[in-house]
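Only one structure is covered here, and it is reproduced in the block below.
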Amino acid sequence: MESRTHNCGELTKKNIDKNVRLFGWVNSTRTHGKIIFIDIRDRFGKTQIILNTDSLIGKGKTLSNEDVISVSGNVIARSSELVNNNMTTGEIEVVAEELEILNMASPLPMSIHDRSASTEEHRLKYRYLELRNSELQNNLILRHKTTQVVRNFLNDQNFIEIETPVLTKSTPEGARDYLVPSRVHNGKFYALPQSPQMYKQLFMISGLDRYFQIVKCFRDEDLRSDRQPEFTQIDLEMSFVDEQHVRDLVEELISTVFYEVNNVKMETPFPTLSYKDAMKRFGSDKPDLRYAVELQDFKSFSDQSDFQAFKSSESVNMINVNNSDFFSRKIISELDTYAQSLGAKGLAWMKYKANSFEGGISKFFNEDLQNTIASDCDIQNDSICFMVADTSQISLKVLGKIRVKVAEMLNLCDDSVFKPVWIVDFPLFSWDEDNKRFDSVHHPFVAPKDKDIKIAISEPEKAISKGYDIVINGYEVAGGSIRIHDQKLQQEIFETMSLTKEDINSKFGFFIDALKFGTPPHGGIAFGLDRLVMLLAGVNNIRDVIAFPKTTSASALMEDSPNTVSDEQLDDLGIGIKENEKNI
RNA sequence: GGGGUAGUAGUUCAGCUGGUUAGAACGCCGGCCUGUCAAGCCGGAGGUCGCGGGUUCGAGUCCCGUCUAUCCCGCCA
């Protein structure tokens, strides 16, 4: 095969009169009898080819889209009226001397120029074709750039990249594990890692000091637009640090990534919110700070009103947004339905126009009270208030989701703006009402604040952790903590979570054992790479930044996995499938 | 596990309160055309209306079930 002299995206006026050879796919052909235009495409771009001799035209007529061709010819300038400013190569064209069809393509089952012209089901089945689309290719290139920047940055900071096992051990905490049956040990199973948590802590015990890895993790839980069953973490851990050391490094890493990949300058230090404040002000532990709307405590006002339904509620919160005219009966009703689907009894509202409240529940508030509310809550004319009354937890959570929904409806989010925020001071434990026991808010290895070490055991619900999350534009992009390095405390934390001594020993025994042989203070963080790239790419779907993603039911439509296996394979593993589970 | 939306030609969609032979665009096949750039013009082929059942003289349309995709709740230490 002849050598390619240039790719399809690099020829410019500088190459005029050069003889070149291009390889690529037929992007489109335009036949005009005695002249044929072909756009030849590769990953780097498109170039217009001219066929204008009888033999080339004969060959050109047989071309169809996506045929793979090789063209050699001369680069010529286009006259000014023929320049195509939409193409980087639009100032030139190549007059073909030779055209070779390397491989003909069958008609494609989908358009590669317009992704929206096919259903996602169809696009996933022919993902290798969808990946010819430049938008999707750009996302993968962006992902590549991101990991390159991360590797360089961490390498410069003395981190070393170390791999951890993929066949590992199931643990009782956390998400459901993906299991891999063992042939050699019939009846036993490996688990795929939910994260390399214990391994990276063991690296610190080993004295490796600074570790990172860009690594696949697996969680067998139900999916969302920002969740895949297998996803990639940028995982890192460092020794002899406290929260501020990790956070400083992570801020530098993030701002370096955003600057080098997207040319976006981020201000450091990032703002910080306590978990408590985040819930109170935004009704979420992953608030989108691109819009200023905040929740307000409305209980003291509603208690003075005649609205009985609110008086009996533990908590009433309110958000206020502009553009009251946008909120028609229909839109309000949609929001009410949404609020109810989230567990609220309903969504109350009233509009503020010409210095008084109207509609919704406004009639329960007398004029004096209305004036007090307007001034105390800083209500502007032509705005609307939404209120949810319930337990504090439900009221905040539901209104937090309404806040996001309303911002979406009003287009308050600018995708070119990035607002990072640290969420800190999480509780160490949450009470699991179903199982009547304490559960880690992050995971069992998170250290309590120094002042809370004692109460972590005596009054677990009051202890605050050394955990921290990074939230950007409403997405939890990274989460980490300072870890427990004291063996006794680790043991006690497990016991606080009502794990039996046997369970602790069989699941975590090796790890607790390791802690006693000289464990340095250490901590780290893990980024969701897919979500980070999602933000950088300005898309709101994790599948758009993954080459071969799975559907929301965790199947792969292209290769049709998961799939059944032969009886021989099952026999080897000592596994039988229950009859009623077959063929479904 | 629960709720919403969608499934009709190769692809994306239209198809009204049930009624003759299920339409359009793009793609495909054939023809015309020397300046197009998602080229244009003329002609043609192409359908198990997701699947199963029911109601009806008659179902793409109504009812029940089911499958798939997607969004959300639960879930995701």
Side-chain angles (χ1 to χ4, degrees), chain A residues 27-41 46-53 57 61-62 64-66 78-79 81-87 89-90 93 105-126 129 171-177 194-195 197-198 217-229 231 334 337-344 397-398 401 404-405 426 428-430 432 434 438-446 465 467 476 479 481 493-494 497 499 526 528 540-541 543 550-553 555 557 560 584:
Chain A
N27 196 68
S28 64
T29 58
R30 296 172 290 278
T31 312
H32 291 239
K34 291 289 192 297
I35 186 169
I36 295 181
F37 302 96
I38 302 168
D39 287 347
I40 184 174
R41 183 197 77 238
K46 289 186 285 191
T47 302
Q48 175 160 283
I49 307 292
I50 303 284
L51 308 181
N52 59 7
T53 69
I57 285 169
K61 278 183 175 174
T62 69
S64 53
N65 286 346
E66 301 305 307
R78 298 195 195 187
S79 57
E81 72 276 15
L82 296 177
V83 166
N84 184 344
N85 291 315
N86 298 323
M87 290 166 81
T89 61
E93 52 198 359
S106 298
L108 259 54
M110 56 184 289
S111 161
I112 63 158
H113 308 298
D114 183 9
R115 296 181 60 213
S116 65
S118 300
T119 60
E120 183 143 24
E121 194 171 355
H122 202 73
R123 288 186 277 126
L124 288 176
K125 182 171 178 191
Y126 297 101
L129 294 179
T171 54
E173 289 300 308
R176 218 174 275 118
D177 285 317
Q194 297 175 23
S195 79
Q197 184 60 39
M198 279 187 278
C217 302
F218 306 85
R219 293 177 192 176
D220 187 3
E221 295 293 343
D222 288 347
L223 307 173
R224 290 284 189 284
S225 57
D226 65 345
R227 277 194 235 157
Q228 279 276 301
F231 60 98
E334 273 173 32
T337 307
Y338 180 57
Q340 289 187 39
S341 79
L342 297 170
K397 192 188 90 175
V398 173
K401 299 254 187 187
V404 173
K405 191 76 163 180
F426 289 90
L428 193 58
F429 295 108
S430 62
D432 177 352
D434 292 342
F438 287 104
D439 221 347
S440 300
V441 166
H442 277 96
H443 56 65
F445 311 107
V446 177
S465 82
E476 186 191 324
S481 63
I493 292 286
F494 280 129
M497 297 168 65
L499 290 176
N540 52 20
N541 191 311
R543 295 185 296 277
K550 295 197 168 43
T551 68
T552 46
S553 62
S555 39
L557 299 180
D560 190 24
I584 51 171

Take atom P in U48(B) and the same atom in G60(B), then report the distance between them in whole Å. 13 Å
Phe218(A) atom CZ is separated from C75(B) atom P, nearest whole Å, by 24 Å
Atom CD of Glu121(A) and atom C1' of U12(B): how far apart are they, to the nearest Å? 14 Å
With sugar-phosphate taken as primed atoms, P, OP1 and OP2 and all else as base, the protein-contact string of nucleotides 37-42 of chain B at under 4.0 Å (heavy atoms; B, S, -) is B-B---
In whole angstroms, the gap separating C1' of C29(B) from NZ of Lys61(A) amounts to 15 Å
Check this for me: does the side-chain of Glu93(A) come within 3.5 Å of the base of G35(B) through a donor and an acceptor? yes
Can you tell me if Thr552(A) touches the phosphate of A69(B), counting only side-chain N or O atoms and a distance under 4.0 Å to OP1 or OP2? no
Assess whether atom CG of Asn65(A) is packed by more than 12 heavy atoms of other residues, nucleotides or ligands within 6.0 Å. yes
Only counting residues at least two apart or in another chain, list the ones meeting side-chain hydrogen bond (donor to acceptor under 3.5 Å, both in side chains) with Glu476(A). none
Counting just side-chain N and O atoms, does Thr551(A) come under 4.0 Å of either OP1 or OP2 of U68(B)? no
On the nucleotide U68(B), are OP1 or OP2 found under 4.0 Å from the side-chain N or O atoms that Lys125(A) carries? no
Atom-to-atom span, CG of Leu342(A) to C1' of G2(B) - whole angstrom: 13 Å
Taking a pair to mean Watson-Crick or G-U wobble geometry with both distances below 3.5 Å, A45(B) pairs with none
Using the C1' atom as the point on both nucleotides, what is the distance between A45(B) and G50(B), in whole Å? 25 Å
Glu221(A) has a side chain; which of U36(B), C75(B), U11(B) sits nearest to it? C75(B)
Residue Arg543(A), side-chain atoms from C-beta onward, closest of G35(B), C75(B), U70(B): U70(B)
Identify whether the distance between the nearest side-chain nitrogen and carboxylate oxygen of Glu120(A) and Arg115(A) falls below 4.0 Å. no
Is the phosphate of C71(B), meaning OP1 or OP2, less than 4.0 Å from a side-chain N or O of Asn541(A)? yes
For nucleotides 47-52 of chain B, give me every protein contact, N/O to N/O, under 3.5 Å, one pair per line with atom names.
none

Interatomic spacing from NZ in Lys61(A) to OG1 in Thr29(A) - rounded to 0.5 Å: 12.0 Å
Could you check how far CD of Gln228(A) sits from P of U70(B), rounded to whole Å? 9 Å
What is the separation between atom CZ on Arg176(A) and atom P on C76(B), rounded to the nearest whole Å? 8 Å
